[in-house]
There are 2 protein chains.
Amino acid sequence: MLSSTEENYLKAIYKISERDNKAASTNAISSEISTSAASVSDMLQRLSSKGMTHYEKYKGVTLTEQGNKIATNLIRKHRLWEVFLVEKLNFTWDEVHDLAEQLEHIQSPDLVNRLDQFLEHPKFDPHGDPIPDADGNFTHRRQIELTNLATEEIGTLVGVQEDSSTFLKYLDRMGLSLGTELKVLEKFEFDGSVKLLVNNKEQITISNKVCKNLFVKK
Amino acid sequence: MLSSTEENYLKAIYKISERDNKAASTNAISSEISTSAASVSDMLQRLSSKGMTHYEKYKGVTLTEQGNKIATNLIRKHRLWEVFLVEKLNFTWDEVHDLAEQLEHIQSPDLVNRLDQFLEHPKFDPHGDPIPDADGNFTHRRQIELTNLATEEIGTLVGVQEDSSTFLKYLDRMGLSLGTELKVLEKFEFDGSVKLLVNNKEQITISNKVCKNLFVKK
DNA sequence: TTCTATTTTTAGATTAGTCTAAATTTATTA
DNA sequence: TAATAAATTTAGACTAATCTAAAAATAGAA
């Protein structure tokens with residue numbers, strides 16, 4: 001069995017490979033989990049000797065099938081716990097990330113599955129991210145970045161890229177939550193900011209950076 | 001903040017002091033948490049330097065107010081999680097101990113209290129053990145050991161001493177669970193075993209060892 | 001293609017928690 | 001009360017995970 005630390009490395013490698021579509025570099029991992037490159041280098045050798053990663057010195061690292069399975073399961077646990085915290089314990093969506101980081105390391109295959117059942121097999125977490133099933137299959141999101149919506153088009157907010165507390169609090173403040181209907185009124189070329197009609201009522205303008213972090217369904 | 005390991009030492013010290021009504025010895029702790037006496041000795045000095053324990057070499061150890069508070073809170077968390085696992089996720093009472101050992105180390109004051117609220121402030125865990133409130137106060141159990149029941153007396157099973165999986169499975173097998181009504185039919189002096197009438201129906205005989213692990217309310 | 005900058009790895013040290021073996025202190029008992 | 005047994009602590013070593021500094025390898029630019 002792996003330590004929590006080792007598990008966190010696998011998750012980081014998964015996340016980076018997913019994002020960049022290539023082997024994760026030592027530096028990318030070290031900045032993802034805030035440790036020195038030296039520590040990462042050490043750990044990569046350990047994870048490889050345990051059959052979790054394919055690693056060639058100076059060439060970056062990818063997950064083996066086994067490593068991928070563990071990483072996916074961590075994500076499953078993380079997102080299910082987030083649903084539990086929000087739906088059952090009434091936490092807000094900006095409070096649950098750090099807690100789920102702890103809970104995802106609880107060891108018990110039975111627990112995850114019972115939790116999944118208790119929550120009635122949710123497909124998405126409170127941030128709109130898909131929850132993989134017990135076999136590691138994700139429900140594919142039919143969603144696009146808000147930036148890809150043309151003027152006058154309407155979409156429903158179904159997910160966010162970032163889940164930092166500051167970003168989520170900002171969204172709450174602007175009256176944006178999952179399920180909110182958005183109509184693009186105007187796109188400003190100058191800085192990429194966008195003027196929106198929210199739920200057919202209020203008008204707000206959001207920056208390009210915010211825009212890129214919002215997923216909508218047409 | 002303390003590590004999980006340090007927390008486990010505090011819990012062990014709490015448990016032993018409670019049971020024996022005196023300072024916990026190095027050996028008692030080492031057998032409670034299955035580590036060498038040398039490791040315990042080391043740890044006791046560390047915990048004392050952190051203000052968690054009163055420790056005098058060769059004289060055993062007791063908890064400071066702060067240490068006591070942490071230990072009590074761990075017990076609170078442990079028992080609340082056990083209620084959650086049994087009531088909400090349908091685990092059986094013999095399956096939850098090890099999982100609760102992991103869950104009790106999750107750090108978040110908010111989480112415990114929300115869990116408590118979600119479970120509607122249970123007073124006892126699935127083994128009949130009292131759950132301390134947020135201030136560390138236990139509901140006093142008005143219960144006696146089954147061994148103290150005289151012949152012909154009737155009691156309701158309200159708690160168990162041990163919560164090892166083997167013991168609890170044995171009880172299930174014998175048709176004994178919390179709430180079961182027991183009538184003492186005969187006490188055998190020879191080996192301390194006892195013949196019981198269970199729920200006014202079946203007759204069983206249990207050993208003295210089992211007897212000592214059962215609490216009843218008259 | 002060669003030199004320089006960047007990235008990555010190695011070397012060596014540190015901390016928490018553990019161990020065994022040896023030394024020391026306390027308890028028991030003759 | 002002196003000798004022996006038991007309990008406890010200290011010494012020294014090990015592993016996992018981390019760090020900084022130095023060395024080595026790779027990538028990029030002239």
Side-chain angles (χ1 to χ4, degrees), chain A residues 1-13 15-17 19-63 67 70-71 74 101-102 104-105 107, chain B residues 1-13 15-17 19-63 67 70-71 74 101-102 104-105 107:
Chain A
M1 192 152 46
L2 300 183
S3 69
S4 293
T5 311
E6 290 168 324
E7 289 188 336
N8 284 334
Y9 275 91
L10 294 185
K11 232 183 12 160
I13 296 165
K15 199 168 165 184
I16 293 163
S17 310
R19 160 160 54 82
D20 303 346
N21 264 305
K22 59 176 185 191
S25 72
T26 302
N27 261 2
I29 297 167
S30 97
S31 81
E32 174 70 29
I33 58 182
S34 307
T35 44
S36 70
S39 304
V40 174
S41 200
D42 252 23
M43 182 57 95
L44 294 186
Q45 327 215 3
R46 189 133 43 91
L47 287 173
S48 285
S49 79
K50 291 192 178 188
M52 295 296 150
T53 52
H54 296 297
Y55 174 54
E56 234 189 303
K57 280 182 190 172
Y58 299 100
K59 304 286 182 190
V61 73
T62 55
L63 296 176
I70 291 174
L74 282 167
E101 289 284 289
Q102 293 184 61
E104 72 191 9
H105 297 294
Q107 301 286 354
Chain B
M1 190 151 52
L2 301 182
S3 68
S4 293
T5 311
E6 290 169 324
E7 288 188 338
N8 285 334
Y9 275 92
L10 294 185
K11 232 182 14 157
I13 296 165
K15 199 167 166 185
I16 293 163
S17 310
R19 159 160 54 79
D20 303 347
N21 264 304
K22 60 176 185 191
S25 71
T26 302
N27 261 1
I29 298 167
S30 96
S31 80
E32 175 70 28
I33 59 183
S34 308
T35 44
S36 70
S39 304
V40 174
S41 200
D42 252 23
M43 183 56 96
L44 294 186
Q45 327 216 3
R46 189 134 44 93
L47 287 173
S48 285
S49 78
K50 290 194 178 185
M52 295 296 150
T53 53
H54 297 296
Y55 174 55
E56 236 188 303
K57 280 182 192 171
Y58 299 101
K59 304 286 182 189
V61 73
T62 56
L63 296 175
I70 292 173
L74 282 167
E101 289 284 291
Q102 293 184 62
E104 73 191 8
H105 297 294
Q107 300 286 354

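By convention in this document, chain letters (A, B, ...) are assigned in the order of the sequence lines, proteins followed by strands, and residues within each chain are numbered from 1.
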Please report, rounded to the nearest Å, how far the [atom2] atom of [N] is from the [atom1] atom of [X].
X	N	atom1	atom2	result
B/E7	C/dA16	CD	P	16 Å
B/Y58	D/dT10	OH	C1'	8 Å
A/K22	D/dA27	NZ	C1'	12 Å
A/M43	C/dT8	CE	P	17 Å
A/K57	D/dA23	NZ	C1'	13 Å
A/Q45	D/dA16	CD	C1'	15 Å
B/D42	C/dA16	CG	P	11 Å
B/I33	C/dC19	CD1	C1'	14 Å

Identify which nucleotide among [options] has an atom closest to any side-chain atom of [X], counting heavy atoms from C-beta outward.
X	options	result
A/S41	C/dT9, D/dT10, C/dT8	C/dT9
A/T26	C/dT9, D/dA11, D/dA7	C/dT9
A/Y9	D/dT18, C/dT9, C/dT20	D/dT18
B/T5	D/dT18, C/dT18, C/dT10	C/dT18

Inset, instruction - Looking at every strand, decide which applies to B/S36 at a 4.0 Å heavy-atom threshold: base, sugar-phosphate, or nothing. - result: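 Base, at least one base heavy atom under 4.0 Å.
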Inset, instruction - Classify the nucleic acid contact of B/S39 as base, sugar-phosphate or nothing, counting any heavy atom under 4.0 Å across all strands shown. - result: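 Contact class for B/S39: base.
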Inset, instruction - For B/S25 and for A/T35, locate the closest nucleotide of DNA chain D by heavy-atom distance; then report the residue assigned to the nucleotide nearer the 5' terminus. - result: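 The 5'-side residue here is B/S25.
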Legend entry - Nearest-nucleotide comparison on DNA chain D, the residue closer to the 5′ end among A/K59 and A/K50: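 This one resolves to A/K50.
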Legend entry - Charged N-O contact under 4.0 Å between A/K11 and A/E6: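 Looking at A/E6 together with A/K11, the answer is no, because their closest N to O distance does not fall below 4.0 Å.
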Legend entry - Evaluation steps, side-chain hydrogen bond (donor to acceptor under 3.5 Å, both in side chains), between B/T35 and B/S30: CA-CA 5 Å; B/T35 44; B/S30 96; 5.7 Å; no
Inset, instruction - Report the distance from atom CD1 of B/I29 to atom OG of B/S41, rounding to the nearest 0.5 Å. - result: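 It comes to 9.5 Å.
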Inset, instruction - Could you tell me whether the side chains of B/S48 and B/T53 share a donor-acceptor contact shorter than 3.5 Å? - result: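 B/S48 vs B/T53: donor-acceptor pair found between side chains.
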Inset, instruction - Check the surroundings of atom NZ in B/K50: do more than 12 heavy atoms from other residues, nucleotides or ligands lie under 6.0 Å from it? - result: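 Atom NZ in B/K50 is crowded, with more than 12 foreign heavy atoms closer than 6.0 Å.
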Inset, instruction - Answer yes or no: does a side-chain N or O of A/N27 lie under 4.0 Å from OP1 or OP2 of C/dT6? - result: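 A/N27 to C/dT6 OP1/OP2: no side-chain N or O under 4.0 Å.
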